[in-house]
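Predicted model, so just to flag it, every value in this text is computed and none were measured. Note that these values count all heavy atoms, side chains included, but never hydrogens, waters or copies made by symmetry.
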Amino acid sequence: MSERILADLNEPQREAVTHVDGPLLVLAGPGSGKTRVITRRCAYLVQSGIRADNILAITFTNKAAGEMRRRIEELGVGRNMWIYTFHALGARLLREFGPLAKVAPGFTIFDDSDQKRVIKDAMLLCDVDPNTIKPEQVAGKISKAKDQLLTPEEYEATVDFADDQLVARLYLVYQRLLEQQNAVDFDDLLMRVAIVLRDHPAYTARLNERFRYVLIDEYQDTNHAQYLIARCLSQHHRNVCATGDPDQSIYGWRGANISNILDFEQDYPNARVVRLEQNYRSTGNVLKVASALIRHNQNRKHKDLWTENDDGGPVDVWKFAEGRDEAERIATRIAQLHREGLEYAQIAICYRVNAISRGLEEALRMRGIPYRIARGLEFYNRKEIKDTLAYLHVLANPADSVALRRIINTPGRGIGKTTIDRVMATAEQEGMAAMDVVRQAARFPVLRRAAGKLAAFVDLIDRMQPAVDGPLSELVETVLERSGLEAMYKEEDFDGEEDRLANLAELVSAAARYEDEEPDPSLPDFLQRISLTSDQDAIDETAGAVLLMTLHAAKGLEFNTVFIAGVEQGLLPHERSLRLATGGEVEEERRLFFVGITRAMQRLTISHCDERFLRGVMTARIPSEFLRELPTEVLNTEVFGHAISRGGLRPRGGDFDFGDDDFDQRPPRRVGRERSSWQRYEEPTFSPDDPAGQSDEPVAPPPQEYADWRPGTIVQHEAFGVGRILWVRGSAGNTRASIRFAGVGEKTFILDMAPITRIG
DNA sequence: AGAACCTGACTTTTT
DNA sequence: GTCAGGTTCT
């Protein structure tokens, strides 16, 4: 077994894996086999006689935790290892020592939108005009305070600006509102645990006994509270292993403190430091570009990244006249690579801001290239899911009035804003839970008129309550039926384009799956777990589609071919990071670029434009200052003119620098290859009765995916039966077809949405 | 109570 | 240009 654990490790990797006692810092460059080191080390510890349940590994995402568990179990050890995200560990410990931290079991975890709701409530209660300060700002300051473990009282003592005194008041009320609802926010999960660990040495000692080896992954992203938790958990034995890469610290704006990793050696004297510098992922040229870029940062630990891989082709730097050209060219290039045998799933397009994705999507759709967007906030943020979960939350925790407000009139049952406001005001006055006010509505004169409707709602909830003790999936079904949500969404689905019922069915099966896998399932645990599930966890790199994502979302992934679009000043680095020009923020932007570059295994293309549509207006752009920092000798720079309105995509010759006179005038170099892809650009096919290309505003051709939906084609519609296509037109994603049905007449549909199939 | 209308914001968002 | 959230109108 030892053989297997140490097999194919390089020297530093082996050193890290076989380090057992005492603090260890693993500085792991991108693609240096960090996960391998972590999992092998866990196996090594177990093999040296340490019990798996004495080992605690902490990650940032559920996905990372799951991946780690999978790979450790593959090595045949560690079935009982503690593998958690920081927040899940927090939730777990809070449940354990709840009384010490003033939370009752079954507490609700509020997400950002719940939190915002409560802050608004606090502002209302404190008579704070939202024009003075925005709820988001308040949230930000409270979050910072919690990161520093400051209770409202302690925070108040530290502030001297009037603004912050206001925040202190709001923080106090906010916290009170949370407590009344037996709810915590994400920051509480860390702060409360850290405070208990700080103030209850006996408890901390016990946990040190339990977790004799502590491992923290992505240490560069820890904030202060997380740092303290890690520190306390390893206070007695000092068997702490931190892994990470300061050059990939990209969450400073969320409170991550890069100094935690930079100062590890001061924090833990005698720490062993291992540098993983050999890269197994990228070509030599990609790595050269990455290294040259990141060298421009001051605040870092130097690493010499190297690889035994081939140099590979040059790194492409493409310059376009306009955003649309960029999107077109990337899409055609992807089509070409696919024809040459590259899987779509091996390709990613990254950008700094989500706003860039739209144009790319359109271009991909136009060519029928399958793609997926790894955008934040998908499944659990859908309205129908949030509604259903809100019922479950009320059942699990009747004090949860954020959830109560969400469902009390959803579906509509004639309980309006006035009534809801009165319920909330009464609850505040009487110091009661909102649900209890609703229960006793008849007692309160202001609620007299609504009392009947409120009683009906109470009755509804009470009739659901018994199902809480039954199987979870059945509970969800009961809620869907009795609440009327199912009926409501059935109707909406019928005349809308959404498929909300399908999502709800997915929720039911998620509940069933949870119940299946969990030894000790419970409704509160299910809900907590959902609250701690992010969309990052849902990114599936193997879905057979090109992945579009922000540079942030790309961290930790790798692809054969990577495009980084919109590498322009103001976008990357983003203008908001330039404003206060605090150097540090520009360095974080540079790290973001570094993260993007190092996702690429074989091919990397960086692109930028002279103009692009931003916020509805065409905006002049200049290339990113970072482009000057790249080594020209491994770049292949190309300049392209307009793809569409100037009659076809063609490369334009001529001089090319990065467009800014301040740049040093290194001669532009061209490396390698003919640009054969241009010649192969395919003129889109236009539908016959829709002669396009005459106006400046061409009518978009039907996307490739509908290429053979020609007039005359016979199709079947779920409701209208068999019909004949009259015409197809429209832009990608909005392709419309007019179809004549016997006895029904002509109807126009959006093809992506309508339940239509081709027949014959 | 619900629809229509208006306004402002618009980086990133591991939990 | 687009979306969400809030406000005003009916």
* Asked: In whole Å, what separates the P atom of dG5(C) from that of dT12(B)?
  -> 16 Å
* Where each residue is assigned the nucleotide of DNA chain B containing its nearest heavy atom, which of Thr222(A) and Gly412(A) is assigned the position nearer the 5′ end? -> Gly412(A)
At under 4.0 Å between heavy atoms, what does [X] touch on the DNA or RNA strands: base, sugar-phosphate, or nothing?
{"X": "Asn409(A)", "answer": "sugar-phosphate"}
{"X": "Leu551(A)", "answer": "nothing"}
{"X": "Gly414(A)", "answer": "sugar-phosphate"}
{"X": "Lys134(A)", "answer": "nothing"}

* Structure fact -> Side-chain contact check for Arg254(A): nearest option of dT13(B), dG6(C), dT11(B) is dT13(B)
* Donor-acceptor under 3.5 Å (Thr426(A) side chain, Arg422(A) main chain) -> yes
* Within the distance-only criterion (no hydrogens, no angle test), does the side chain of Asn297(A) pair as donor or acceptor with the backbone N or O of Asn299(A) below 3.5 angstrom? -> no
* To do: Please answer whether dT12(B) and His552(A) are stacked, defined here as ring centres separated by less than 5.5 Å and planes angled under 30°.
  => no
* Asked: Does the ring of Trp253(A) meet both stacking tests against the six-membered base ring of dT11(B): centre distance under 5.5 Å and plane angle under 30°?
  -> no
OP1 or OP2 of [N] under 4.0 Å from side-chain N/O of [X]:
{"X": "Arg358(A)", "N": "dC3(C)", "result": "yes"}
{"X": "Ser577(A)", "N": "dT11(B)", "result": "no"}
{"X": "Arg413(A)", "N": "dG2(B)", "result": "no"}

